[in-house]
Protein chains: 2
Amino acid sequence: MSTNRTPLPGRPVRGSKTGRPLMAAMDLLSRRWALRIIWELRDGPLGARPLLARCEGLSSSVLYQRLDELTTADLVAPSEAGYTLTDVGMSLGPALHELNIWADAWAETIHARSPEQPH
Amino acid sequence: MSTNRTPLPGRPVRGSKTGRPLMAAMDLLSRRWALRIIWELRDGPLGARPLLARCEGLSSSVLYQRLDELTTADLVAPSEAGYTLTDVGMSLGPALHELNIWADAWAETIHARSPEQPH
DNA sequence: TGCTAATGTTTCGGAAAACGAAACACAAGG
DNA sequence: CCTTGTGTTTCGTTTTCCGAAACATTAGCA
């Protein structure tokens with residue numbers, strides 16, 4: 001599995017030859033399920049199967065690919081209790097919190113815009 | 001655009017049958033280039049071609065697909081001057097700012113961890 | 001021992017998404 | 001006209017993801 005193309009700051013990533021940290025982060029975190037996996041680990045370690053169970057629709061193959069990338073990127077590390085967020089992984093918290101807040105506001109505007117929802 | 005599967009809060013999205021705003025946001029924003037497009041529009045409207053020019057590696061077909069989704073999601077709107085962020089699109093700013101800050105910290109830890117790196 | 005269940009992980013064929021390049025459409029401006 | 005810049009669509013190829021099954025390992029237990 002040395003064909004690991006995990007985006008890291010400081011080297012070329014999709015959309016940036018210089019690997020600006022933000023671009024590397026966007027590349028890494030906008031891969032499908034990456035943010036979700038981090039989100040599910042926010043309250044403590046989880047094993048692979050429990051993690052899979054929480055992410056309905058996530059396949060194991062993609063899960064392990066993401067875990068590999070996130071591990072390479074040092075956001076996640078394996079431990080006795082399962083996969084766990086590293087310190088820097090944990091420090092994504094505030095950004096996710098902001099995103100959560102924003103999402104609620106977004107939901108408001110969408111509902112305000114289209115009062116009668118189709119069913 | 002009849003088969004537009006734009007994730008919106010309140011309806012099922014990838015990873016959530018209930019369409020929790022955060023899940024819908026993750027689904028929408030973790031599509032490739034979505035965050036980047038918003039990032040590039042942060043300082044004002046841009047036309048499609050200029051936008052394309054800024055996102056090296058982005059293809060026009062994907063750009064228009066994203067613009068369509070982001071427009072449906074009410075984050076982006078077309079205007080005289082080009083594609084522009086809506087109010088709610090703009091309000092993603094703080095979250096992106098947090099992400100930017102985090103990315104820099106992340107870069108620090110990566111460099112601290114492996115001073116001389118990959119092959 | 002042998003069975004069963006839970007977990008960790010890999011494999012692989014098919015489906016969906018992204019890419020890349022070209023093409024079409026339509027305005028200016030020279 | 002002809003070029004130039006822009007907005008947009010089309011389509012064949014490549015990459016990524018999905019879905020299900022399989023294999024490995026460990027723990028409990030009759």
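By convention in this document, chain letters (A, B, ...) are assigned in the order of the sequence lines, proteins followed by strands, and residues within each chain are numbered from 1.
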Report task. Enumerate the residues from residues 29-36 of chain B whose closest heavy atom to DNA chain C is under 4.0 Å, giving them by residue number; use none for an empty result. Result -> B/Arg32, B/Trp33
Query - Phosphate OP1/OP2 of D/dC17 contacted by A/Arg66 side-chain N/O (<4.0 Å) - result: yes
Requested in this report: Mind listing the residues from residues 75-86 of chain A sitting with a heavy atom below 4.0 Å of DNA chain D? Number order is fine.
Outcome: none
Query raised in the report: Does A/Trp102 use its side chain to pair, donor to acceptor, with the backbone of B/Val88 at less than 3.5 Å?
Result: yes
Query - A/Thr71 side-chain N/O to A/Ala77 backbone N/O, donor-acceptor pair under 3.5 Å - result: no
Query raised in the report: Between A/Asn100 and A/Trp39, which heavy-atom pair has the shortest distance, and what is it?
Result: ND2-CH2, 3.7 Å
Requested in this report: Report, as yes or no, whether the 6.0 Å neighbourhood of atom CG on B/Asp87 holds more than 12 heavy atoms from other residues, nucleotides or ligands.
Outcome: no
Query raised in the report: Can you name the closest pair of heavy atoms from A/Leu67 and A/Val76 and give their distance?
Result: CD2-CG1, 4.4 Å
**Report entry** Whole-Å distance separating the CG atom of B/Leu51 from the C1' atom of D/dT8
**Finding:** 14 Å
Requested in this report: Starting from P on C/dA17, measure out to CZ on A/Arg14 and report it in whole angstrom.
Outcome: 15 Å
Query raised in the report: Within this structure, what is the OH-to-P distance between B/Tyr64 and D/dT10, rounded to whole angstrom?
Result: 13 Å
Query raised in the report: So if you build clusters from Ile, Leu, Val, Met, Phe, Trp, Tyr with side-chain heavy-atom gaps below 4.5 Å, do B/Tyr83 and B/Leu46 land together?
Result: yes
Report summary line: A/Gln65 atom CD is separated from C/dG8 atom C1', nearest whole Å, by 17 Å
Query raised in the report: Between A/Ala34 and A/Leu28, which heavy-atom pair has the shortest distance, and what is it?
Result: CB-O, 3.6 Å
Query raised in the report: Taking five pairs at each end, how big is the angle between the two axes of the helix from C/dT1-D/dA30 to C/dG30-D/dC1, to 10°?
Result: 0°
Query raised in the report: Does A/Arg5 place a side-chain N or O at less than 4.0 Å from the phosphate oxygens OP1/OP2 of D/dT16?
Result: no
Report summary line: Note: B/Arg32 and B/Arg66 closest approach over all heavy atoms is O-NE, 2.9 Å
Query raised in the report: Could one point to a donor on the side chain of B/Arg49 or the base of D/dG5 with an acceptor on the other under 3.5 Å away?
Result: no
Requested in this report: Assign each of B/Gly47 and B/Ser61 to its nearest nucleotide of DNA chain D by heavy atoms, then name whichever residue's nucleotide is nearer the 5' end.
Outcome: B/Gly47
